[in-house]
Undergrad: 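Sharing a structure below in structure tokens format, with a few things to ask.
The sequence lines fix the lettering, A, B, ..., with proteins before strands; numbering per chain opens at 1. Every value quoted in this text rests on a predicted model; they were computed, and no experiment measured them. Computed over heavy atoms, backbone and side chain alike; hydrogens, waters and symmetry mates excluded.
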Amino acid sequence: MASPEERYNFRETESRWQETWAAKNTFRVEEGSSKPKYYVLEMFPYPSGRLHMGHVRNYTLGDVVARYKKARGFNILHPMGWDAFGLPAENAALERGVHPGKWTRQNIAVMRDQFRPLGLSLDWSREIATCEPEYYKHEQKMFLDFLKNGLAYRKESIVNWDPIENTVLANEQVIDGKGWRSGADVEQRKLNQWFLKITQYAEDLLQGIETLDRWPEKVRLMQHNWIGRSEGARVRWPIIGRDGTALPEPLEVFTTRPDTLFGASFCAISAQHPLAARVAEADPELAAFILECSRGGTSTAAIETAEKKGYDTGLRARHPFITDKTVPIYVANFVLMEYGSGAIFGCPGHDERDMEFARKYALPVRCVVAPVGEDPQAFAAKLEAGDVAYTDDGIAINSGFLNGLKVDAAKRAAIAKLETQNAGTGTVQYRLRDWGVSRQRYWGCPIPIIYCDACGTVPVPDENLPVTLPEDVTFDKPGNPLERHPTWKHTTCPACGGKATRETDTFDTFFESSWYFARFCSPKLTDRPFNQVEAMKWLPVDQYIGGVEHAVLHLLYSRFFTRAMSDCGYLNLKEPFAGLFTQGMVCHETYRAADGAWVEPDSVTWEGDKATADGKPVVVGRSEKMSKSKKNTVDPQRILDTYGADAARLFMLSDSPPERDLEWTEAGIEGAWRYINRLWRLAVTAAETPASTLPPTLDPSVVAVQRQIHRAIAAVSDDLEKFRFNSAVARIRELTNALADMDRSVAGGAAVYRFGVETVAQLVNPLTPHIAEEVWRTLGHATLLTETPWPGYDASLLEDDSVTIAVQVNGKLRGTITVPKVADKAALEAAALAIPAVQKQLDGKPPKKVIIVPGKIVNIVAA
RNA sequence: GCGGGUAUGGCGGAAUUGGUAGACGCGCCUGACUCAAAAUCAGGUUCCUCUGGAGUGGGGGUUCGAGUCCCUCUACCCGCACCA
């Protein structure tokens, strides 16, 4: 029976250890250490105001890795910072009239305080905030270096416009045709924008994926698809005008199927194609069609569902292979200007979309590929009469010099011929577009550029960096406050000294997060973003942890930045993150009142399986990601106040594998809290047990526990290495159960018990560091457990002298036998056959066959 | 449409190379302690027609033996989506 003194006081204990670790700088990087380095990083938080459960899970996972690796003898870099620029700060300014900078810095202060009681092994001396000029001045310099090296450029282009956020979005920030934060239908607008040349690295980024063997397959695949490499050809089609004369410039189309050129029945160009505009000058009907395409296509979502429409320009394109053959050129609403050359040739027989178009406009369908093993004539007749395209592999038919070749060979032959005829070239096309980084927002890093009527685009000279954000701005009107600031925008040209204006756009906030991992290597350096030697020592990040939602955003941008920084002399590295772990979301049941309004979990009361809120019944919905809109959030603060950090951490780690979604339940956290107390009682008992040395002979039951301790060390070590934290918890609980059940009064009992409790403290330390440290101290250790090496195990104690193995008859379990580990096959067979249940199954007949796998199983095959 | 993933008790999940399915926990049940409750402790808990049988989403296959390998179907989840 636990007396009040013995009850575990997490409030006092957890804060005491947090203070001790802080006072001793336990988690600072060890300068000049000869230990191997290990860089653990979790995706840094946006200072939204308060920590949420997703943060707690993310940082707990990272902390387990950091503490485990520290015990394993590594010199750990485990820093924390703030991804502090972003739109919510401006929204707060609009709604509450508070300056974005003030709001952000207040949030940082609140959240930093919320971090402390979690007991994370962070090196706070390296804290950074991206909204401070000490940080962003370096990225302004970096941008200018990118510009010098041809990695940044400005151009007018059609961009994704978010009408709610009043800013441009990158392609990666448009999800299902909607803004990734606002959810608004994204519109198309033509604007002058700064771009970073991520496409220059398309091939390298693609190939680099192969080296990321400690990344989840899912993320690698998503990046692979996002880059979207396709091999094909650019084909030039001479154009014949409406009057029958040839135009000077040919039409260039991109295709991945040059093998189907003989099946071409039309060409189609984008409504934004220059040729379309030229023809429209003399054709009002076409001009109207083009307008319709762009009007109907203001939202990306609308484009995707729109019916395929075309307009015959009256121009014709001359086929590269077939003399005298020409095809009509259409303007089509489904051809994208941004991909390939903004023009295609249509082969309806072997492309679904072209088939749809051809049937609509009564264009010919010609079969030029037939599947192997089918009669080509019959197949072609069926295909040409139907409306389903054949897109699989096959053999070229009706295709002149390509006839008889399979698709791959035909592609190569077609490209070779195009090249000899000077009618086209083999090429590689990527889906990846350059990264538009201009944002029409205030709360971001100013783009260090000046526009001068005389000198054009002029970079801000180094000595004038940083270009800092003005503090005196107003948010009383829509649009970018920098644009209407009375003085900030107006400046003099650094080149000619004349009147000039500043760029008022700021960088996409993904700019800051694309290099922060390097800044942590020398966070206080003032003259450069980071020290190259330090960065090369710590990078790549050994273990990066965060949500999968950044698979093609932050994670791709960072890989690009690392390459770009290397090409500009900042680094010599390609991949920033050697290991990546993407954690699941934290979910909770949802509740709705009769009127459909969401109800918070805290206001729901249960009576049996009936849930009510304010006396009215509520409908229990499915478990979903915690979100403010569905009100199914649980405030980490309340959990920490009620159960402490260790219980919260333990529950988060034990209930689900870390890559899967976690269902938050009050019962679960209570279970974790019970375990903490159970462990504490064990420790109190162990501390009361007089320390004794191990006697020469141990009671067999004690030997069994001793084996279990060593097995637990081996299993938990392996589990922690492989992110199987839920299994690690199970193994530790098993050992705890065994220790609680053991007889301490027999020979060696007391000593092994004590050793066992000590081992539990060590094993549980990365997961629940406060109680672990407290147990360690209670057992009489003067040194910190946090500074104690990871326990080793005795391999000879992992296995028992005797093993229990299963006995099957025809694959069905009929009994078990416990035999010496060294028992030979004959002994195993004899023991197995002696089992009554086995005898019964055999029914007096001799077995047909006996399969014996020593140490594992005996399977008797009955006649 | 294309690509990927997942499916195991009432629930979360375990079973690392094919070898005793359901570890560990939650919930539930019984008992002890208590005036009572909570907490704690002890025991039980896959299902069924229970000396046996069935069982890892459905169906089929390989094997002495399949949650695990192969084929096929279904459901759900995620990513991309007129990319030529």
Side-chain angles (χ1 to χ4, degrees), chain A residues 1-2 7 175-177 216-226 228-230 232 253-257 260 267-268 270 300 303-308 332-336 338-347 351-354 356-357 429-433 548-549 551-552 623 650-651 654-657 660-663 665-672 674-675 677-678 681 715 718-719 722 724 726-737 740-741 804-816 837 840 847-853 855-862:
Chain A
M1 201 71 249
R7 202 170 298 145
I175 314 288
D176 290 335
E217 191 52 40
K218 180 189 168 75
V219 176
R220 305 199 322 169
L221 200 74
M222 281 168 72
Q223 292 211 352
H224 190 274
N225 293 340
W226 190 261
R229 182 184 200 274
S230 18
V253 309
F254 174 73
T255 179
T256 55
R257 294 293 303 272
T260 63
C267 282
S270 164
T300 316
I303 292 174
E304 282 164 12
T305 50
E307 188 191 353
K308 287 176 190 31
N333 65 345
F334 63 87
V335 180
L336 306 172
E338 307 88 68
Y339 187 75
S341 56
I344 61 159
F345 85 84
C347 174
D351 183 286
E352 295 290 354
R353 196 194 36 210
D354 294 346
E356 193 185 328
F357 194 78
Q429 185 68 42
Y430 299 91
R431 208 188 72 114
L432 184 70
R433 320 268 167 80
V548 75
E549 66 272 16
V552 289
S623 180
L650 184 65
F651 170 61
S654 64
D655 213 48
S656 289
R660 268 195 239 177
D661 288 352
L662 172 82
E663 162 83 3
T665 61
E666 203 66 22
I669 181 84
E670 276 168 15
R674 271 201 293 278
Y675 175 78
N677 281 285
R678 219 165 117 77
R681 285 194 298 277
D718 193 41
D719 285 339
K722 293 171 181 160
R724 292 192 303 243
N726 55 328
S727 289
V729 172
R731 297 286 91 78
I732 293 167
R733 292 184 100 128
E734 253 176 345
L735 178 57
T736 309
N737 291 346
D741 291 345
T804 300
I805 65 172
V807 178
Q808 300 179 334
V809 178
N810 293 337
K812 288 211 183 304
L813 185 71
R814 295 297 168 187
T816 57
K840 193 179 164 191
K848 198 165 147 192
K849 194 176 170 187
V850 181
I851 286 121
I852 298 166
V853 184
K856 297 238 163 162
I857 204 157
V858 177
N859 190 13
I860 294 158
V861 185

Undergrad: Name the nucleic acid region contacted by A/G668, choosing base, sugar-phosphate or nothing; use a 4.0 angstrom heavy-atom cut-off, strictly under.
TA: nothing

Undergrad: Using a heavy-atom cut-off of 4.0 Å across all strands, would you classify A/R724 as base, sugar-phosphate, or nothing?
TA: base

Undergrad: Would you classify A/T816 as touching base, sugar-phosphate or nothing, given that sugar-phosphate means primed atoms plus P, OP1 and OP2, and contacts are heavy atoms under 4.0 Å?
TA: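 Base contact - A/T816 has a heavy atom under 4.0 Å of at least one base atom.
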
Undergrad: Could you tell me how far apart A/R678 (CZ) and B/C26 (P) are, to the nearest whole angstrom?
TA: 9 Å

Undergrad: Looking only at atom C1', what distance separates B/G67 and B/U56, rounded to whole Å?
TA: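 Per the computed distance, 5 Å lies between those C1' atoms.
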
Undergrad: Identify which nucleotide among B/U16, B/C82, B/C64 has an atom closest to any side-chain atom of A/V861, counting heavy atoms from C-beta outward.
TA: B/C64

Undergrad: Nearest to the side chain of A/N737 - B/U16, B/A84, B/G25?
TA: B/G25

Undergrad: Using atom CD1 of A/I851 as one end and atom P of B/G18 as the other, report the distance to the nearest whole Å.
TA: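 Result: 17 Å.
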
Undergrad: Nearest of B/C83, B/A14, B/G19 to any side-chain atom of A/R660?
TA: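 Selected nucleotide (nearest to the side chain): B/A14.
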
Undergrad: With syn defined as a glycosidic torsion within 90 degrees of 0 and anti otherwise, which applies to B/G9?
TA: syn

Undergrad: Without decimals, in angstroms, what is the distance between A/I805 CD1 and B/C64 P?
TA: 20 Å

Undergrad: Using a strict 4.0 Å threshold on nitrogen-to-oxygen distance, state whether A/E356 and A/R353 make a salt bridge.
TA: no

Undergrad: For A/Y430 and A/S230, test the side chains for any donor-to-acceptor distance below 3.5 angstrom and give the result as yes or no.
TA: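 Not at all, the side chains of A/Y430 and A/S230 share no donor-acceptor pair under 3.5 Å.
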
Undergrad: So which nucleotide from B/A54, B/G19, B/G13 ends up closest to the side chain of A/K812?
TA: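 Looking only at side-chain atoms, A/K812 lies closest to B/A54.
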
Undergrad: So A/R220, base contact, sugar-phosphate only, or nothing? Heavy-atom distance under 4.0 Å.
TA: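 Nothing: the residue A/R220, judged by heavy atoms under 4.0 Å, touches no strand.
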
Undergrad: Quick one: label A/V548 by what it contacts on the DNA or RNA (base, sugar-phosphate, nothing), any heavy atom closer than 4.0 Å.
TA: nothing

Undergrad: Report the base-pairing partner of B/U6 (Watson-Crick or G-U wobble, both distances below 3.5 angstrom), or none.
TA: B/A75

Undergrad: Between B/U20 and B/U68, how far is it from one C1' atom to the other, in whole Å?
TA: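 It works out to 15 Å between them.
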
Undergrad: Considering only side-chain heavy atoms of A/W226, which listed nucleotide, B/G3, B/C82, B/A81, is closest?
TA: B/A81

Undergrad: Please give the nucleotide sitting opposite B/A21 as a Watson-Crick or G-U wobble pair, both distances under 3.5 Å, or none.
TA: none

Undergrad: Mind checking the CZ-OG1 spacing from A/F345 to A/T255? Nearest 0.5 Å is all I need.
TA: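 It comes to 4.0 Å.
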
Undergrad: Are A/V850 and A/N859 packed together at the side-chain level, in the sense that at least one heavy-atom pair is separated by less than 4.5 angstrom?
TA: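 No, too far: nothing below the 4.5 Å cut-off.
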
Undergrad: Heavy atoms only, 4.0 Å cut-off, all strands: where does A/R733 land among base, sugar-phosphate and nothing?
TA: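 The residue A/R733 makes sugar-phosphate contact but no base contact.
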
Undergrad: Given the C1' atoms of B/C82 and B/A75, what is the spacing between them in whole Å?
TA: 29 Å

Undergrad: Can you measure A/E670 atom CD to B/G27 atom P for me and round it to whole angstrom units?
TA: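 Computing the A/E670:CD to B/G27:P distance gives 7 Å.
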
Undergrad: Determine the contact category for A/Q808: base if any of its heavy atoms lies under 4.0 Å from a base atom, sugar-phosphate if only primed atoms, P, OP1 or OP2 are that close, otherwise nothing.
TA: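 The residue A/Q808 makes base contact.
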
Undergrad: Once you apply a heavy-atom cut-off of 4.0 Å, does A/N726 come out as touching a base, just sugar-phosphate, or nothing?
TA: sugar-phosphate

Undergrad: State whether A/R353 places a side-chain N or O below 4.0 Å from either non-bridging phosphate oxygen (OP1 or OP2) of B/C2.
TA: no

Undergrad: Looking at CZ of A/R724 and CZ of A/R731, how far apart are the two atoms once the value is rounded to the nearest 0.5 Å?
TA: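 Here the rounded value is 9.5 Å.
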
Undergrad: Kindly compute the distance separating OG1 (A/T260) from CG (A/D351), expressed to the nearest 0.5 Å.
TA: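 Spacing of OG1 (A/T260) from CG (A/D351) equals 8.0 Å.
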
Undergrad: In terms of the nearest nucleotide of RNA chain B, which residue is placed more toward the 5' end: A/S727 or A/T804?
TA: A/S727

Undergrad: Side chains of A/R678 and A/N737: any donor to acceptor distance under 3.5 Å?
TA: yes

Undergrad: Please determine, for B/G31, whether a Watson-Crick or G-U wobble partner exists with both distances under 3.5 Å, and give it or none.
TA: B/C41

Undergrad: Rounded to whole angstrom units, what separation is found between the CD1 atom of A/I669 and the P atom of B/G27?
TA: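 After rounding, the gap between these two atoms is 13 Å.
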
Undergrad: What distance, rounded to whole Å, do you find between the two C1' atoms, one in B/U17 and one in B/A84?
TA: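 So the two C1' atoms sit 46 Å from each other.
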
Undergrad: Need one value for A/D354: base, sugar-phosphate or nothing, where a base atom within 4.0 Å counts as base even if backbone is also close, heavy atoms only.
TA: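 No contact.
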
Undergrad: Between B/C33 and B/A54, how far apart are the C1' atoms? Round to whole Å, please.
TA: 41 Å

Undergrad: How close or far is atom P of B/C82 from atom CG of A/L336, stated in whole angstroms?
TA: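 Distance, rounded to whole Å: 7 Å.
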
Undergrad: Which value, rounded to the nearest 0.5 Å, describes the distance between A/I860 atom CD1 and A/Q808 atom CD?
TA: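 So the gap between those two atoms works out to 9.5 Å.
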
Undergrad: If you check every side-chain atom of A/A667, which of B/C26, B/A81, B/C41 has the closest atom?
TA: B/C26

Undergrad: Watson-Crick or G-U wobble partner for B/G1, using a 3.5 Å limit on both distances?
TA: B/C80

Undergrad: If only side-chain N and O atoms of A/N225 are considered, is one of them under 4.0 Å from the OP1 or OP2 phosphate oxygen of B/C83?
TA: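 Answer no for this pair, as no side-chain N or O of A/N225 is under 4.0 Å from OP1 or OP2.
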
Undergrad: If you look at every strand shown and take non-hydrogen atoms under 4.0 Å, does A/R731 touch a base, only sugar-phosphate, or nothing?
TA: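 Result for A/R731 = base.
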
Undergrad: Once you round it to whole Å, what is the distance between P of B/C2 and CG of A/L221?
TA: 16 Å

Undergrad: Looking at A/R431, I'd like to know whether one of its side-chain N or O atoms comes within less than 4.0 Å of OP1 or OP2 on B/A84.
TA: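 No, outside the criterion.
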
Undergrad: Would you mind classifying the nucleic acid contact of A/S230 as base, sugar-phosphate or nothing, using non-hydrogen atoms under 4.0 angstrom?
TA: sugar-phosphate

Undergrad: Is the phosphate of B/C83, meaning OP1 or OP2, less than 4.0 Å from a side-chain N or O of A/R433?
TA: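 Looking at the OP1 and OP2 atoms of B/C83, neither is under 4.0 Å from any side-chain N or O of A/R433.
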
Undergrad: Please state the P separation for the pair B/U8 and B/C77 - nearest whole angstrom.
TA: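 Between the two P atoms, the distance is 15 Å.
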
Undergrad: Identify which nucleotide among B/C83, B/U20, B/A42 has an atom closest to any side-chain atom of A/L813, counting heavy atoms from C-beta outward.
TA: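 Out of B/C83, B/U20, B/A42, the nucleotide with an atom closest to A/L813's side chain is B/U20.
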
Undergrad: Say we look at B/G1 and B/C73: how far apart would their P atoms be, to the nearest angstrom?
TA: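 It comes out at 14 Å once rounded to the nearest Å.
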
Undergrad: Without decimals, in angstroms, what is the distance between A/E734 CD and B/A14 P?
TA: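 In whole Å, B/A14 P and A/E734 CD are 14 Å from each other.
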
Undergrad: Any side-chain N or O of A/R674 below 4.0 angstrom from OP1/OP2 of B/C26?
TA: yes

Undergrad: Show, in sequence, the C-alpha distance, side-chain angles and deciding distance for A/R220 and A/N225, and conclude whether the side chain to side chain donor-acceptor pair (under 3.5 Å) test is met.
TA: CA-CA 9 Å; A/R220 305 199 322 169; A/N225 293 340; over 6 Å; no

Undergrad: Where does B/C77 fall, syn or anti, if syn means a chi angle no more than 90° from 0?
TA: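 What B/C77 shows is an anti base, its glycosidic angle lying more than 90° from 0.
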
Undergrad: For B/A32 versus B/C47, give the span between their C1' atoms, rounded off to a whole number of Å.
TA: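 Roughly 31 Å separates the two C1' atoms.
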
